[in-house]
Amino acid sequence: MTEGTIPAAAEEGDTMTRLEQEGEIAADYLEGLLDIADLDGDIDMDVEADRAAVSIISESGSRDLQKLVGRDGEVLEALQELTRLAVHRETGDRSRLMLDIGGFRARKRTELAELGGKAADEVKSTGEPVKLQPMTPFERKVVHDAVAAAGLRSESEGEEPQRFVVVLPA
């Protein structure tokens, strides 16, 4: 090893520590938000795919958490951005933190992976590109991953908020 280089294991440890710190800051911020809104929920922290992942869960299956998801996850997206800003304020670094509330994103991820797989199957059988409905960046990423797993490629087209995925033949 040459002077001034950092071993890969040390870099991975630093990254993990930074992501855990992001999760802790986010959890504190979200606990404060839940207290202000007088909502019950537990905070779960993890690191997934080089991102801090924070979930708000409720053992009672409370409908109150649904308010924090909103229609089609709109409130969840806004809360995720606010939480990322809270992390940025504390660390000075841009955060890619993912927030899930009541399992909404997990369910959505499953649905979108199925949609991507079906679109890939259609493209394989017809040989024609398939255009999907406009989606959020999170939704497009899940579909792109599913299409890649099916052995095809996809691209995003259009401008926000009307940006959509096109699944292309191999």
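Since the model is a prediction, treat every value here as computed from it, not as a measurement. What you see below is based on every heavy atom in this structure, not just the backbone, and it leaves out hydrogens, waters and symmetry mates.
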[X] [atom1] to [Y] [atom2] distance, which is reported to the nearest 0.5 Å:
X	Y	atom1	atom2	result
E48	M98	CD	CE	8.5 Å
E31	I36	CD	CD1	12.0 Å
F164	Q133	CZ	CD	9.5 Å
H88	D93	NE2	CG	8.0 Å
T83	E81	OG1	CD	9.0 Å
L39	I56	CG	CD1	8.5 Å

Can you hop from [X] to [Y] via hydrophobic side chains spaced under 4.5 Å?
X	Y	value
I101	V75	yes
I43	L82	yes
L168	V165	no
L112	V69	no

Taking all non-hydrogen atoms of both residues into account, name the closest pair between [X] and [Y] and its distance.
X	Y	value
A120	A150	CB-CB, 3.6 Å
G151	A170	O-CB, 4.4 Å
V143	G116	CG1-CA, 4.1 Å
L76	F104	CD2-CD2, 3.5 Å
R96	E22	N-OE1, 4.3 Å
P169	L152	C-CD2, 4.2 Å

**Message:** Can you see whether S154 engages H144 through a side-chain donor-acceptor pair at a distance of less than 3.5 angstrom?
**Reply:** yes
**Message:** Please determine whether the number of non-hydrogen atoms from other residues, nucleotides or ligands lying under 6.0 Å from atom CG of D38 exceeds 12.
**Reply:** no
**Message:** Could you check whether atom NZ of K124 has more than 12 heavy atoms from other residues, nucleotides or ligands sitting under 6.0 Å from it?
**Reply:**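 Check passes, neighbour count above 12.
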Any side-chain heavy atom of [X] within less than 4.5 Å of one from [Y]?
X	Y	answer
Q80	V54	no
M16	V47	yes
L79	L33	yes
R51	L19	no
V166	L132	no
Y29	V87	no
P161	P134	no
M45	E20	no

**Item:** From CA spacing to verdict: side chain to side chain contact (heavy atoms under 4.5 Å, CB included), L30, L99
**Value:** CA-CA 10 Å; L30 291 166; L99 175 63; 3.6 Å; yes
**Message:** Please evaluate residues R153 and V147 with respect to the criterion side chain to side chain contact (heavy atoms under 4.5 Å, CB included), reporting the C-alpha separation (whole Å), side-chain torsions for both, the decisive distance (0.1 Å), and the verdict.
**Reply:** CA-CA 6 Å; R153 62 186 184 91; V147 169; 5.7 Å; no
**Message:** Main chain of R105, side chain of D100: is a donor-acceptor contact present, judged purely on distance under 3.5 Å?
**Reply:** yes
**Request:** Verify, without hydrogens or angle tests, whether E139 (side chain) and T136 (backbone) share a donor-acceptor contact under 3.5 angstrom.
**Result:**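 The answer is yes, because a donor-acceptor pair under 3.5 Å joins these two groups.
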**Message:** Determine whether L68 and L34 satisfy the following criterion, side chain to side chain contact (heavy atoms under 4.5 Å, CB included), listing intermediate values before the conclusion.
**Reply:** CA-CA 10 Å; L68 296 178; L34 290 173; 3.7 Å; yes
**Request:** List the steps, then state whether salt bridge (charged side-chain N to carboxylate O under 4.0 Å, His left out) holds for E111 with R109.
**Result:** CA-CA 6 Å; E111 292 170 14; R109 184 177 282 124; over 6 Å; no
**Request:** Apply the test side chain to side chain contact (heavy atoms under 4.5 Å, CB included) to residues T91 and I25: give CA-CA distance (whole Å), side-chain angles for both, the deciding distance (0.1 Å), then the verdict.
**Result:** CA-CA 9 Å; T91 66; I25 294 167; 3.5 Å; yes
**Request:** Mind running salt bridge (charged side-chain N to carboxylate O under 4.0 Å, His left out) on E157 and R163 for me, showing each step along the way?
**Result:** CA-CA 6 Å; E157 294 183 5; R163 199 153 167 82; over 6 Å; no
**Message:** Would R18 and D14 count as a salt bridge (charged side-chain N to carboxylate O under 4.0 Å, His left out) here? Give the steps.
**Reply:** CA-CA 6 Å; R18 182 180 52 78; D14 289 348; over 6 Å; no
